[in-house]
Every structure is written in structure tokens, then in C-alpha cells.
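The basis for the numbers below is simple: all heavy atoms, side chains too, and nothing from hydrogens, waters or symmetry mates. Owing to the predicted nature of the structure, the values given are computational and were not obtained by experimental measurement.
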Amino acid sequence: MNNKTVYFDNNATTRVAPEVRDVMLPFFGDLYGNPSSMHAFGGQVSKFVERSREEVARFLNCSPEEAIFTSCAESDNSAIRGTAEYYGPSTKVITTAVEHPAVLQPCRRLKALGYEEVELPVNSVGQFDLDQLRAELKGTKNALVSIMWANNETGVLFPIEKIAEICKAHGAILHTDAVQVAGKI
């Protein structure tokens, strides 16, 4: 019997490519200084962070100032909570029932704080009804829509361009967790 291991969760976590590992190794040993520190030890690392920011910006077709490095959950939480708190409790928060906990938890927390929160259900193929999104947005003054581009467990792609058009037409703010599509589409 062949006991070969087969890994089916590459959409969530993938082995680091050897060429990436080789580039990163110095930062786990000699170059571990805080790049935000004023001292030279941190300053030597800062130039690598800024070079990375420029590369990420080119990849995302944005300016380096728009590329902000945070942890995944921190990014989602900051975007969702920050936007909702800026617009206040009259903000309607719309998401899907299959979002990552990094999105669902702050949305549900906003609901507990008195915000209106809607979780759109998905059908048997993992898609939600765009007409239901339109209906939820109709007549809202302030709306925040947070919908992932690609599901981290199923790989289902949501039509983010259409979602963006719907949000724009209704004056809604759109947040998307697109981490699963980076480098894949």
C-alpha cells in the first residue's frame, strides 16, 4: 500500500515556494530589525519593506502609498469597523453567509452594536442572488458591502466587477477580501 500524502487545502495555505523562502531567509536571522525604528538596525530593513511595497503596488496596479501591509484579519476588521463607525449606526452592513470569519465576526459585532446587518445566503453552487443585493441596497442612505472575491474554502468566485457596479449605482461602499485571488487571476 502506498501511503502518499495528498494535500487539498492549497487555496487556504500553500507551501512557500523555494525561491521565496530563499529571499526571506535573511529576515529570519540577520535582518530582523523593526523597519519602523529610527536606529540603523531597523533602517537597513526598511529599504526592503519599501522595495516590497513598490513591487506589490506594480502587481496590484496602484501607487506604493496605497499598498498597506497588515495581517489579514486586521485588514478586514479595520476596513469594516472603520467604515461603519465613520458613517455611523445608520449604516447598513451587507455581506454573504459564507465569508471568512475575519469578515463575519466584525459584521456580526456591528449588528450587536445596533447596525443593520444582512448576510446574503448562497445557493447549491455557492453563489448569491445579485438581485437580492440590489434589493437590500435600494433606498439605503449609507451601506457597506463586504463580499469576498474568491471563497477560501470552496474556491467559488463571486462576480466582483458586477458587485462593484451594483454598489456604485447605489452609492454603497464596497470592501472585498481578495487575498485568495492574488496571483491566481
Side-chain angles (χ1 to χ4, degrees), residues 9-14 49 52-113 115-185:
D9 203 18
N10 279 300
N11 203 40
T13 304
T14 304
V49 172
S52 297
R53 186 181 320 280
E54 290 169 6
E55 290 177 18
V56 167
R58 275 194 303 277
F59 176 76
L60 296 174
N61 194 26
C62 67
S63 69
E65 297 79 29
E66 293 174 299
I68 301 169
F69 298 137
T70 67
S71 70
C72 293
E74 177 187 348
S75 300
D76 290 330
N77 189 46
S78 295
I80 293 165
R81 294 284 304 266
T83 301
E85 290 174 10
Y86 177 81
Y87 287 104
S90 65
T91 304
K92 185 175 191 176
V93 180
I94 303 169
T95 190
T96 72
V98 295
E99 295 298 311
H100 189 278
V103 168
L104 282 176
Q105 288 175 356
C107 289
R108 290 173 179 166
R109 176 71 182 137
L110 288 168
K111 183 177 184 175
L113 293 172
Y115 289 76
E116 182 180 358
E117 188 246 5
V118 175
E119 294 177 18
L120 303 172
V122 296
N123 61 21
S124 62
V125 293
Q127 290 291 339
F128 68 94
D129 185 348
L130 291 174
D131 288 332
Q132 186 177 2
L133 174 61
R134 286 183 189 91
E136 291 292 344
L137 288 170
K138 189 174 181 177
T140 59
K141 180 181 175 192
N142 296 319
L144 167 62
V145 176
S146 182
I147 297 176
M148 63 177 50
W149 193 342
N151 187 282
N152 55 298
E153 292 182 9
T154 65
V156 169
L157 295 173
F158 287 134
I160 204 67
E161 294 88 359
K162 290 179 183 176
I163 295 166
E165 289 171 11
I166 292 167
C167 289
K168 185 175 182 179
H170 288 87
I173 302 292
L174 173 62
H175 164 260
T176 187
D177 183 336
V179 71
Q180 296 298 330
V181 299
K184 296 173 185 163
I185 56 174

Query raised in the report: Does any non-hydrogen side-chain atom of Leu174 lie less than 4.5 Å from one of Ile163?
Result: yes
Query raised in the report: Where is the tightest heavy-atom contact between Ile80 and His175, given as atom of each residue plus distance?
Result: CG1-ND1, 4.1 Å
Report task. Could you check if a side-chain atom of Leu110 sits within less than 4.5 angstrom of a side-chain atom of Glu117, using non-hydrogen atoms only? Result -> no
Query raised in the report: Are any of the side-chain heavy atoms of Asp177 and Trp149 separated by less than 4.5 Å?
Result: no
Report summary line: The reported gap from CG in Leu130 to CZ in Phe158 (rounded to nearest 0.5 angstrom) is 10.0 Å
Query - Side chain to side chain, Tyr115 and Lys92, heavy atoms closer than 4.5 Å - result: no
Report task. Could you give me the CA-CA distance, side-chain angles and deciding distance for Glu119 and Arg108, then say whether salt bridge (Lys or Arg N to Asp or Glu O under 4.0 Å) is met? Result -> CA-CA 9 Å; Glu119 294 177 18; Arg108 290 173 179 166; 2.8 Å; yes
Query - Heavy atoms from other residues, nucleotides or ligands near CG of Asp131 exceed 12 (cutoff 6.0 Å) - result: yes
Report task. Would you check if there is a donor-acceptor pair between the side chains of Thr96 and Glu99 at a distance under 3.5 Å? Result -> yes
**Report entry** OG1 on Thr140 to CD1 on Ile94, rounded to 0.5 Å
**Finding:** 6.0 Å
Query raised in the report: Taking C-beta and beyond as the side chain, do Gln127 and Val156 meet within less than 4.5 Å on heavy atoms?
Result: yes
Query - Side-chain (Thr154) to main-chain (Asn151) donor-acceptor, under 3.5 angstrom - result: no
**Report entry** Sub-4.5 Å side-chain heavy-atom contact between Leu137 and Ile166
**Finding:** yes
